[in-house]
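Keep in mind that what you see is a predicted model, and the values were worked out from it rather than measured. Convention: sequence-line order gives letters A, B, ...; per-chain numbering from 1. Note: hydrogens, waters and symmetry copies are ignored here, and every other heavy atom, side chains too, is used.
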Amino acid sequence: MNKLILIDGNSIIYRAFFAMPPLTSSSGVHTNAVYGFTNMLLRLLQEEQPSHILVAFDAGKETFRHEGYQDYKGGREKTPPELSEQFPLMRELLESFGIAWFELPGFEADDIIGTISKQGEEAGVDVLVVTGDKDMLQLVSDRVKVALTRKGISEVEPYGIKEIEDKYGLRPEQIIDLKGLMGDASDNIPGVPGIGEKTALKLLHQFGSVEEVLARTDELKGKMKENLVNHAEDARMSKQLATIFREVPVERSWEEMAFSGVLEEQAAQMLRKLEFKSLLERLSFAPHQDVEQAGGSALEEVQVTVIDDQTIHQLVEVLPEVQNVVVESHGENPHHAVLMGVVLSTEEEHFYLAPEVLHSDVAKPVIDWLGDKNKPKRGYDLHRADLTLYWQGIEFGGAEHDIQLAAYLLDPTNNDQTVSGLAAKYGIGAVAADEEVYGKGAKFKVPDQALLSQHLARKSAALLQILPLQKQELEQVEMNRLFYELEMPLSIILAEMEKQGVAVNRGTLMELGAEFEAQISSLIARIYDIAGLEFNLNSPKQLGEVLFDKLQLPVIKKTKTGYSTDAEVLEKLAPYHDIVQYILEYRQLAKLQSTYVEGLLKEIRPETGKVHTYFRQTITATGRLSSQFPNLQNIPIRLEEGRKIRQAFVPSEEGWFMLSADYSQIELRVLAHISGDNGLQEAFLHDMDIHTKTAMKVFGVAADQVDGNMRRSAKAVNFGIVYGISDYGLSQNLNITRREAARFIDQYFDAFQGVRTYMDEIVKEAKRDGYVKTLLERRRYLPEINASNFNLRSFAERTAMNTPIQGTAADIIKLAMIMMDEVLRERKLKSRMLLQVHDELVFEVPPEELELMTTLVPETMERALQLSVPLKAEVSSGANWYDAK
DNA sequence: GCTATCACG
DNA sequence: ACGTACGTGATAGCA
């Protein structure tokens with residue numbers, strides 16, 4: 001006996017349930033949690049090669065903890081039926097695998113694991129506890145490690161004594177003190193009010209334990225002391241509740257937990273019953289096989305042919321059969337990325353091309369193939385690949401299926417989109433993380449060719465396996481059209497826009513910079529003079545000291561680290577002291593100078609005089625694009641001083657024009673459509689001023705009685721509605737009381753009852769399905785929609801209301817971009833689409849096309865999608881982006 | 001690397 | 001009672 005694995009069954013299955021998309025067998029039984037669990041189990045068996053294993057479950061509702069504290073785990077949502085029905089399946093599966101499981105009435109899985117890990121430790125065995133519950137860290141010792149699940153369950157992070165020390169600065173036994181002080185909302189453990197993780201850690205670093213803290217409260221002061229004194233009993237009880245009981249009367253012999261490999265026949269039968277086809281193939285990993293042949297490594301060696309003038313013919317012969325393309329590059333900005341190498345794979349073989357080989361004559365047929373739009377390609381992040389190759393002078397065409405992009409659609413909030421992460425998610429052999437192969441940050445180093453080509457080939461091999469699984473999933477969630485007809489074509493269009501770039505007039509920017517500079521230095525002088533000292537104005541900390549300590553201005557708001565000095569606070573302080581207004585002006589100009597003048601100048605390519613942004617298609621949770629290096633979606637417009645920055649954005653050809661068209665009220669129009677609200681639809685059918693109309697209905701007055709203030713309030717309410725309204729949020733925005741805000745909202749919903757119904761229904765739908773979707777079937781999962789934690793749940797509810805609106809608007813402008821691209825091509829126009837700013841498209845247009853484009857662009861945008869209300873786009877043009885207003 | 005701030009839709 | 005508006009990216013300071 002050498003290694004014992006103890007799995008916290010309830011914790012893992014619960015996490016698996018919320019981490020995995022819904023999945024049912026053909027008979028309609030939910031299986032997603034079992035799938036997730038099995039996936040992680042197989043990986044664990046393969047990687048850890050345990051000699052003994054046991055899965056512990058909670059039994060019954062009442063445990064000994066309830067005897068002392070009836071509210072233990074109170075307020076928890078009851079287990080959804082979709083999950084409950086999976087517990088029996090889970091036990092059945094474990095039995096079919098030949099894995100022991102155990103539960104004992106009156107005790108939780110924690111206690112069982114605590115007890116057995118102690119026994120294992122005493123018997124001199126290495127123990128690995130697998131759980132999602134941080135409390136279990138208290139079990140860690142020399143022999144016991146605790147693996148915590150991360151990001152759902154696709155990864156685990158092992159903690160030993162050192163890791164706990166590094167992360168918390170605590171010994172394992174102090175974890176219960178931490179819980180005692182901070183509590184745990186999910187178990188309804190109270191802790192001490194006002195003490196969160198940070199404060200709790202600080203106290204423990206100083207005093208060592210709950211008892212010691214409570215004994216020495218006289219060394220503390222303020223609210224914290226008061227809370228500790230008043231809630232001393234809560235702290236003691238919380239600590240006790242968090243303490244795992246390690247003397248459970250378990251009678252399990254080591255033999256029962258012994259594990260020598262999966263019972264293949266039975267396990268295969270079970271997996272077939274559950275319809276887990278992809279897991280079936282992995283069964284052979286589990287027993288102690290092929291360990292020696294892999295040299296102790298769990299990784300399978302992949303055959304890869306390094307291309308040179310001797311081997312090139314092998315690749316050329318099979319080019320038509322190439323299934324997957326990996327273009328590896330280094331650097332965040334793909335316009336400046338360094339090409340590291342390329343791997344092309346057929347079903348059977350992998351070929352590696354070094355950058356210099358790709359640039360040599362022998363690679364000519366490969367280069368032609370890469371650039372051929374009629375040769376369809378699959379691969380990972382083909383958008384980046386395209387840009388990387390472009391700056392190397394190599395064309396890339398024919399992107400058909402991008403695995404990263406598809407992974408984004410399947411779960412836009414999964415932030416691990418790496419090949420390694422996806423491979424783990426699909427349970428496909430281990431692919432090393434790039435970081436492990438290259439190192440990160442300053443330590444980045446390209447490994448030798450053997451290692452590099454092996455790594456890339458492994459990635460490619462994993463992608464080959466992911467592809468069919470992904471296709472099946474896209475089909476299942478009805479995203480085929482969204483993917484193949486919208487996102488894939490768009491990715492090509494985006495790359496073209498980015499390569500084209502936008503011309504920026506350096507001189508204009510520098511002149512603006514000089515103006516800003518003059519104002520900034522005079523403001524700085526004035527501020528130092530008034531303050532009576534010089535300090536770093538850019539440091540919120542130093543500024544806070546000047547305003548609140550030296551000048552004694554009232555503290556409006558605090559941040560985690562000290563005084564808040566943001567614009568909202570400064571506005572409120574302005575009446576108290578002249579210095580505040582100058583600081584506000586300084587802030588504004590400093591922002592313009594550093595981010596927009598200096599920042600933009602740095603991004604201009606000297607050889608083209610243009611900035612080439614990178615539109616990211618796989619970032620946002622809602623389906624919007626984002627823009628980086630530089631961000632061209634947040635160029636100032638609201639204030640005149642900043643708006644002038646737009647004068648620097650000019651057409652790239654003499655005499656051309658900038659043309660901009662933006663959707664008018666697209667989100668509210670989308671809301672009118674999906675809610676079906678009569679009043680809202682009516683307003684848009686008559687193309688009324690929507691904020692005025694809202695004011696009329698909410699305040700019950702005629703159009704001519706709506707004053708500026710009423711319209712302003714109505715506008716804020718409309719924004720609130722789109723964001724998933726809350727009285728608090730609205731009250732903040734309008735600077736009114738929560739009561740008044742709540743009244744506005746109520747009046748709004750009375751006036752627009754269809755909207756109220758929609759908001760109620762969409763939240764219900766989210767709670768039922770676990771996700772919401774847009775008109776074009778784009779999804780966003782909301783795992784926290786049923787959380788017991790009020791904050792998490794409320795956030796998810798607002799998201800459920802907002803995402804279909806923001807996401808559908810994103811769908812629509814993406815459609816419009818595809819249509820515009822098509823129209824420009826069909827009519828062989830010279831005009832070029834340059835930018836997208838969420839509800840706006842920007843073009844550069846030759847003079848002879850200006851008239852045509854002025855009607856063509858808004859018309860195309862308006863017919864992008866047929867809704868029950870018309871879409872409206874407004875267009876304007878000028879010599880630069882500023883004048884196109 | 002994290003926090004605070006502020007630019008956009 | 002709880003405590004926040006939805007979605008992003010860039011910069012500067014500071015540990």
Side-chain angles (χ1 to χ4, degrees), chain A residues 75 185 193 198 332 412-413 440-441 535-544 557-570 583-584 586-600 602-603 613-616 619-639 641-643 645-646 662-663 665-667 716-734 738 741 745 780 787-807 809-810 813 835-840:
Chain A
K198 283 214 160 154
E332 267 212 290
T413 49
K440 62 171 170 180
F535 60 101
N536 188 342
L537 251 179
N538 290 325
S539 161
K541 186 161 169 263
Q542 294 181 33
L543 177 60
K557 182 165 75 168
K558 302 204 91 178
T559 67
K560 288 189 243 193
T561 52
Y563 305 119
S564 170
T565 68
D566 65 21
E568 200 189 315
V569 169
L570 295 182
I583 295 170
L584 278 165
Y586 168 81
R587 280 261 177 89
Q588 191 199 331
L589 291 164
K591 176 85 178 182
L592 294 175
Q593 189 72 304
S594 68
T595 305
Y596 297 102
V597 175
E598 289 163 8
L600 222 39
K602 278 187 226 153
E603 292 289 344
T613 192
Y614 174 39
F615 285 111
R616 300 202 59 182
I619 295 297
T620 72
T622 55
R624 279 189 175 182
L625 300 177
S626 86
S627 158
Q628 287 181 320
F629 317 128
N631 181 353
L632 294 185
Q633 290 182 321
N634 70 347
I635 302 301
I637 189 166
R638 292 173 189 171
L639 301 173
E641 296 91 320
R643 190 174 195 154
I645 296 284
R646 294 181 173 228
D662 64 307
Y663 280 115
Q665 302 296 350
I666 188 165
E667 290 186 334
V717 174
N718 277 331
F719 268 101
I721 291 293
V722 169
Y723 291 157
I725 197 146
S726 73
D727 49 11
Y728 186 85
L730 183 64
S731 74
Q732 289 292 297
N733 191 285
L734 281 178
R738 238 169 96 167
I745 294 168
R780 176 173 180 179
S788 52
N789 179 312
F790 175 88
N791 278 332
L792 292 179
R793 188 176 66 246
S794 304
F795 186 33
E797 287 170 0
R798 292 196 298 274
T799 310
M801 299 186 236
N802 168 266
T803 295
I805 301 172
Q806 188 181 122
I813 193 160
L835 296 175
Q836 187 251 45
V837 193
H838 309 307
D839 66 354
E840 172 189 11

Roughly how far, to the nearest 0.5 Å, is the [atom2] atom of [Y] from the [atom1] atom of [X]?
{"X": "A:I813", "Y": "A:I666", "atom1": "CD1", "atom2": "CD1", "value": "6.5 Å"}
{"X": "A:N538", "Y": "A:L543", "atom1": "CG", "atom2": "CG", "value": "9.5 Å"}
{"X": "A:T559", "Y": "A:K541", "atom1": "OG1", "atom2": "NZ", "value": "11.5 Å"}

Output the rounded distance in Å from [atom1] ([X]) to [atom2] ([N]).
{"X": "A:I583", "N": "B:dT5", "atom1": "CD1", "atom2": "C1'", "result": "14 Å"}
{"X": "A:Q542", "N": "B:dT3", "atom1": "CD", "atom2": "C1'", "result": "15 Å"}
{"X": "A:D566", "N": "B:dT3", "atom1": "CG", "atom2": "P", "result": "16 Å"}
{"X": "A:Q836", "N": "B:dC8", "atom1": "CD", "atom2": "P", "result": "17 Å"}
{"X": "A:L589", "N": "B:dC6", "atom1": "CG", "atom2": "P", "result": "13 Å"}
{"X": "A:K557", "N": "B:dA4", "atom1": "NZ", "atom2": "P", "result": "11 Å"}
{"X": "A:I619", "N": "B:dG9", "atom1": "CD1", "atom2": "C1'", "result": "17 Å"}
{"X": "A:N718", "N": "B:dG9", "atom1": "CG", "atom2": "C1'", "result": "16 Å"}

When we call it a touch if two heavy atoms are under 4.0 Å apart, what does [X] touch: a base, just sugar-phosphate, or nothing?
{"X": "A:A621", "value": "sugar-phosphate"}
{"X": "A:T622", "value": "sugar-phosphate"}
{"X": "A:A809", "value": "nothing"}
{"X": "A:L730", "value": "base"}
{"X": "A:Q732", "value": "nothing"}
{"X": "A:S627", "value": "sugar-phosphate"}
{"X": "A:N733", "value": "base"}
{"X": "A:N634", "value": "base"}
{"X": "A:T803", "value": "nothing"}
{"X": "A:E667", "value": "nothing"}
{"X": "A:R780", "value": "sugar-phosphate"}
{"X": "A:N789", "value": "nothing"}
{"X": "A:L592", "value": "nothing"}
{"X": "A:V722", "value": "nothing"}

Indicate whether OP1 or OP2 belonging to [N] is found under 4.0 Å from a side-chain N or O atom of [X].
{"X": "A:R624", "N": "B:dG9", "result": "no"}
{"X": "A:R638", "N": "B:dC6", "result": "no"}
{"X": "A:T565", "N": "B:dT5", "result": "yes"}

**Message:** Measuring only the P atom in each nucleotide, how far is C:dT4 from B:dT5? A whole number of Å is fine.
**Reply:**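 Taking atom P in both C:dT4 and B:dT5, they lie 15 Å apart.
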**Message:** Would you measure the distance from the P atom in C:dA5 across to the matching atom in B:dA4 and give it in whole Å?
**Reply:**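 Each nucleotide's P atom is 13 Å from the other's.
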**Closest approach of A:I725 to A:V717 (non-hydrogen atoms, all atoms of both residues)** =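 Taking every non-hydrogen atom into account, CD1-O, 4.0 Å.
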**Asked** Between A:R646 and A:P636, what is the shortest heavy-atom contact and its length?
**Response**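 Here A:R646 and A:P636 meet closest at NE-O, 2.8 Å.
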**Asked** Where does the chain A footprint on DNA chain C start and end, counting 5' to 3' with a 4.0 Å heavy-atom cut-off?
**Response**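 First and last nucleotides in contact are C:dC2 to C:dC14.
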Is the side chain of [X] donor-acceptor paired with the backbone N or O of [Y] at a distance under 3.5 Å, no angle test?
{"X": "A:R793", "Y": "A:A787", "answer": "yes"}
{"X": "A:S627", "Y": "A:L632", "answer": "yes"}
{"X": "A:T613", "Y": "A:F629", "answer": "no"}
{"X": "A:R616", "Y": "A:Q628", "answer": "no"}
{"X": "A:Q633", "Y": "A:Q836", "answer": "yes"}

**Any side-chain heavy-atom pair of A:L589 and A:V597 under 4.5 Å** =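 Of all side-chain heavy-atom pairs linking A:V597 with A:L589, none is under 4.5 Å.
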**Prompt:** Nearest nucleotide by nearest heavy atom, which residue falls closer to the 5' end of DNA chain C, A:H838 or A:F790?
**Reply:**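 Between the two, 5'-proximity favours A:F790.
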**Request:** Whenever both distances are under 3.5 Å in a Watson-Crick or G-U wobble pair, mark it; put DNA chain C into dot-bracket that way, with [ ] for crossing pairs and | when the partner is on another strand.
**Result:** .....|||||||||.
**Message:** Taking atom CZ as the centre, does A:F719 end up with more than 12 heavy-atom neighbours from other residues, nucleotides or ligands that are less than 6.0 angstrom away?
**Reply:**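 Open: at most 12 neighbouring heavy atoms sit under 6.0 Å from CZ of A:F719.
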